[in-house]
Colleague: 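What follows is a single structure, and I will ask about it in a moment.
Bear in mind the structure is a predicted one, so any value in this text is a computation, not a measurement.
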Amino acid sequence: MDRLDHLEHLDRHLVDELAQVARETIREELRQQTRKQRRKAALYAASGTLALYAGAALALALGLALSLGLPDWAAALITAVVLGVAAYVLRGAARPSASRPKAERGGELAAGRDRVVGGTAPGTPPGGTGPAGYPPAPPVAPGVGTGTAGTPAQAGAEPEEQRHRGR
């Protein structure tokens, strides 16, 4: 028994050492990844800052070029309008298409086709009238499969005309 107790102590010691080595390895890997991410973030920040200064220099050059033929205030105003339009276009390009208003999608909302209680209607195939994924229903001849007054016929029930003729 004494020998087995000694082996059990060695097993526990070995497991503790392995767990400690694994923890240290994971911590070191996380430190390295954090350093790399910080460096990458710093480079992106520096790139953004330089792009901002480049944009400011470009706006200044545009304003100075316009001021050769216009009063200074008009050149500054035109430069501001050009920058505002560029910002608006870039904002529109950055938006995902799903977040755009639904009225822009061919006027479907105006026609009322997408209005369904509790959500939106399933998509329809182009040029089709049924929901996507379902084949169109074949046309049914009048009076076939229906009882009188357009109500569905019950199984085993005779249409009213046959009841009158047979009696």
Side-chain angles (χ1 to χ4, degrees), residues 14-153:
L14 183 62
V15 167
D16 290 342
E17 279 188 48
L18 287 174
Q20 184 65 28
V21 167
R23 283 188 208 111
E24 288 175 6
T25 304
I26 291 171
R27 282 186 191 130
E28 184 61 31
E29 184 65 29
L30 288 174
R31 278 189 209 111
Q32 288 177 358
Q33 287 181 0
T34 303
R35 275 188 233 122
K36 287 179 183 177
Q37 288 175 350
R38 284 182 184 164
R39 183 174 185 271
K40 188 183 286 187
L43 290 173
Y44 272 118
S47 171
T49 303
L50 291 176
L52 180 67
Y53 281 115
L58 183 64
L60 179 65
L62 177 66
L64 289 174
L66 288 173
S67 70
L68 293 176
L70 296 172
D72 291 342
W73 64 268
L77 185 63
I78 292 171
T79 304
V81 168
V82 167
L83 290 174
V85 168
Y88 183 77
V89 168
L90 288 175
R91 186 196 74 168
R95 279 184 155 180
S97 62
S99 68
R100 291 193 177 134
K102 292 183 181 178
E104 291 180 9
R105 291 188 300 149
E108 288 179 11
L109 244 183
R113 284 188 251 163
D114 277 351
R115 293 187 184 169
V116 175
V117 175
T120 60
T124 57
T129 57
Y134 295 104
V140 179
V144 176
T146 60
T148 56
T151 58

Colleague: Applying salt bridge (charged side-chain N to carboxylate O under 4.0 Å, His left out), can you list everything that pairs with R31, at least two apart in sequence or on another chain?
Modeller: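 Listed in chain order: E28.
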Colleague: Quick one: OG1 on T79 to CG on L60, what's the gap to the nearest 0.5 Å?
Modeller: 9.0 Å
Colleague: Apply side-chain hydrogen bond (donor to acceptor under 3.5 Å, both in side chains) to E24 and list each qualifying residue two or more places apart in sequence or on a separate chain.
Modeller: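 With sequence neighbours excluded, E24 shows a side-chain hydrogen bond (donor to acceptor under 3.5 Å, both in side chains) to Q20, given in chain and number order.
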Colleague: Please name all residues satisfying side-chain hydrogen bond (donor to acceptor under 3.5 Å, both in side chains) with E17, sequence neighbours left out, ordered by chain then number.
Modeller: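 Residues passing side-chain hydrogen bond (donor to acceptor under 3.5 Å, both in side chains) with E17: H13.
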Colleague: Which heavy atom in S67 sits nearest to a heavy atom in D72, and how many Å separate them?
Modeller: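 Reported closest heavy-atom pair: CB-OD1, 3.4 Å.
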Colleague: Can you name the side chain to side chain contact (heavy atoms under 4.5 Å, CB included) partners of A74, sequence neighbours left out?
Modeller: L70, P71
Colleague: Let me have the donor-acceptor pairs involving side chains of residues 34-59, under 3.5 Å, with sequence neighbours excluded, atom names and distances please.
Modeller:
residue: T34; atom: OG1; partner: L30; partner atom: O; Å: 2.7
residue: T49; atom: OG1; partner: A45; partner atom: O; Å: 2.9

Colleague: What's the shortest heavy-atom distance between G63 and A75, and which atoms?
Modeller: O-CB, 3.5 Å
